Colleague: 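First, the structure itself, so that you have it in front of you.
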Amino acid sequence: MTPKDTFQTIAVPSDEILFKEKNSKFFAYAFPVISESEVKIHIDGLRKKHFNAVHFCYAYQIGTDPYQFRTNDDGEPSNSAGIPIYGQIQSFSLTNILIVVVRFFGGTKLGVGGLITAYKTAAALAIEAATIIEKTIDVNFILKFDYQHINKVMRVIKEKKLQIVAQNLDEHCEIEIKTRKSNSPLVKDFFSSLYEVSVNTI
């Protein structure tokens, strides 16, 4: 059985979504992210945009295997905001995504159950407003060889339809290539069989 080497994420940030419940306003956003530093940038940007809002609740998941995730209730009752938001990320089978829901209190308390439903709904609407795409899980290799073998290496790269990420073509060459995970054992074995080339996984 071929190992799964694809994942789903969103193509670009979603449009701003507004969900209302008993005069409370929930502004929901979905962002594609690949690092915690990006998460911070998006949240800081929303804090500046909605400077008079009280709650900036969010959840994110990054990576595939392993993956990392975090939820934040930002002052709402424990597990009433971040976990429901994260539940929608899981429900849509997404990763490399951040969902932030900004709440403006409308004067009427919703209760924990009401908050869970509101944050869950707002998160789902943000995802539905985004474009979900499928990407491959890739493996990167570093190839090292003497310049005299450049034609042989480049021919293999072209035949195997490998993507060059970076290259330094000097007397001693170094090329970083990328291929999808399911293809990586064959690629590594092939280059390993060329005794003039050293191949290492990054």
Side-chain angles (χ1 to χ4, degrees), residues 1-22 24-47 49-50 53-105 109-140 178-184:
M1 183 176 175
T2 304
K4 181 174 172 59
D5 66 350
T6 60
F7 65 91
Q8 291 192 129
T9 187
I10 59 173
V12 295
S14 68
D15 292 333
E16 176 183 277
I17 296 297
L18 172 58
F19 175 72
K20 297 179 181 178
E21 182 66 24
K22 295 182 179 176
S24 278
K25 293 181 179 179
F26 297 83
F27 290 92
Y29 305 84
F31 302 96
V33 292
I34 57 172
S35 68
E36 289 184 337
S37 59
E38 287 184 66
V39 170
K40 186 177 186 304
I41 289 169
H42 288 307
I43 292 172
D44 288 347
L46 290 176
R47 288 188 187 278
K49 179 176 181 175
H50 298 292
V54 179
H55 303 290
F56 293 80
C57 305
Y58 65 88
Y60 67 80
Q61 180 164 295
I62 297 171
T64 51
D65 183 20
Y67 61 83
Q68 61 185 109
F69 73 95
R70 186 179 176 192
T71 66
N72 192 318
D73 296 313
D74 196 33
E76 294 283 32
S78 181
N79 298 330
S80 67
I83 290 294
I85 294 171
Y86 184 58
Q88 292 307 297
I89 292 176
Q90 292 180 304
S91 179
F92 283 84
S93 300
L94 300 173
T95 193
N96 289 1
I97 184 172
L98 162 70
I99 298 177
V100 186
V101 180
V102 182
R103 182 191 179 196
F104 288 82
F105 182 55
K109 290 187 176 182
L110 302 181
V112 172
L115 288 172
I116 289 172
T117 299
Y119 280 104
K120 174 183 176 181
T121 302
L125 290 172
I127 293 172
E128 288 168 359
T131 300
I132 295 175
I133 58 173
E134 186 173 75
K135 289 189 170 185
T136 58
I137 301 170
D138 297 319
V139 175
N140 289 38
K178 179 168 72 173
T179 187
R180 60 189 298 166
K181 186 176 181 180
S182 60
N183 199 35
S184 61

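Just so it is clear, the model here is predicted, and its values are computed rather than measured.
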Colleague: Looking only at heavy atoms, which two atoms of Phe26 and Ser24 are closest? And how far apart?
Modeller: CE1-CB, 3.7 Å

Colleague: If you look at every heavy atom in Ile62 and Ser35, which pair is closest and at what distance?
Modeller: CD1-C, 3.6 Å

Colleague: For the residue pair Pro32 and Pro13, what are the closest heavy atoms and their distance?
Modeller: CD-N, 3.6 Å

Colleague: What residue among Ile132, Asn96, Thr95 forms side chain to side chain contact (heavy atoms under 4.5 Å, CB included) with Gln8?
Modeller: Ile132

Colleague: I'd like to check Pro77 versus Leu115 (side-chain heavy atoms, cut-off strictly below 4.5 Å). Are they in contact?
Modeller: yes

Colleague: List the steps and the verdict of salt bridge (charged side-chain N to carboxylate O under 4.0 Å, His left out) for Asp74 and Arg47.
Modeller: CA-CA 12 Å; Asp74 196 33; Arg47 288 188 187 278; 3.8 Å; yes

Colleague: I'd like to know if the side chain of Asn72 and the backbone of Gly82 have a donor-acceptor N/O pair within less than 3.5 Å.
Modeller: no

Colleague: Examine Tyr60 together with Phe69 and report whether their ring centres are nearer than 6.0 Å.
Modeller: no

Colleague: Between Phe7 and Ile137, is the side-chain contact (heavy atoms from CB on, under 4.5 Å) condition met? List the steps.
Modeller: CA-CA 7 Å; Phe7 65 91; Ile137 301 170; 3.7 Å; yes

Colleague: Salt bridge between Asp5 and Arg180, side-chain N to carboxylate O under 4.0 Å?
Modeller: yes

Colleague: Quick one: does Ser184's side chain have a donor or acceptor within less than 3.5 Å of a partner on Val139's backbone?
Modeller: no

Colleague: Under the side-chain contact (heavy atoms from CB on, under 4.5 Å) rule, what do Leu46 and Tyr29 come out as? Steps first, then yes or no, please.
Modeller: CA-CA 9 Å; Leu46 290 176; Tyr29 305 84; 3.7 Å; yes

Colleague: When you look at Leu18 and Lys25, which way does the side-chain contact (heavy atoms from CB on, under 4.5 Å) test go after all the steps?
Modeller: CA-CA 7 Å; Leu18 172 58; Lys25 293 181 179 179; 3.8 Å; yes

Colleague: At what distance, to the nearest 0.5 angstrom, does CD1 of Ile133 lie from CG of Leu94?
Modeller: 10.5 Å

Colleague: How many angstroms lie between atom CD1 of Ile127 and atom CD of Gln88, to the nearest 0.5 angstrom?
Modeller: 6.0 Å

Colleague: Got more than 12 heavy atoms from elsewhere within 6.0 Å of OH, Tyr67?
Modeller: no

Colleague: Nearest heavy-atom pair of Ala126 and Ala28: which atoms, and what distance?
Modeller: CB-CB, 3.9 Å

Colleague: Tell me whether His55 contacts the main-chain N or O of Arg103 through its side chain, where contact means a donor paired with an acceptor under 3.5 Å.
Modeller: no

Colleague: Roughly how far, to the nearest 0.5 Å, is CD1 of Ile85 from OG of Ser80?
Modeller: 9.0 Å

Colleague: Roughly how far, to the nearest 0.5 Å, is the OG1 atom of Thr71 from the CD1 atom of Ile83?
Modeller: 4.0 Å

Colleague: Just how far is it from atom CD1 of Ile89 to atom CD1 of Ile10, taken to the nearest 0.5 Å?
Modeller: 9.5 Å

Colleague: May I ask you to check whether Gln61 and Gln90 show a side-chain donor-acceptor distance below 3.5 Å?
Modeller: no

Colleague: Can you say whether the rings of Phe31 and His42 are parallel (under 30°), tilted (30 to 60°) or perpendicular (over 60°)?
Modeller: parallel

Colleague: Is a donor on one side and an acceptor on the other found under 3.5 Å between the side chain of Asp73 and the backbone of Ala81?
Modeller: yes

Colleague: Can any side-chain N or O of Thr117 pair as donor or acceptor with the backbone N or O of Gly113 at less than 3.5 Å?
Modeller: yes

Colleague: Step through the shown structure and confirm whether more than 12 heavy atoms of other residues, nucleotides or ligands are within 6.0 Å of CD1 on Ile34.
Modeller: no

Colleague: Using 0.5 Å steps for rounding, measure from the CD atom of Glu36 to the CZ atom of Arg70.
Modeller: 7.5 Å

Colleague: Would you say the ring centers of Phe104 and His50 fall short of 6.0 Å from each other?
Modeller: yes

Colleague: What pair of heavy atoms forms the shortest contact from Ala118 to Leu110, and how long is it?
Modeller: CB-CD1, 4.5 Å

Colleague: Apply side-chain contact (heavy atoms from CB on, under 4.5 Å) to residues Leu98 and Tyr58 and explain how you reach the verdict.
Modeller: CA-CA 7 Å; Leu98 162 70; Tyr58 65 88; 4.0 Å; yes

Colleague: Could you check whether any side-chain heavy atom of Lys135 comes within less than 4.5 Å of a side-chain heavy atom of Thr9, counting everything from C-beta outward?
Modeller: yes

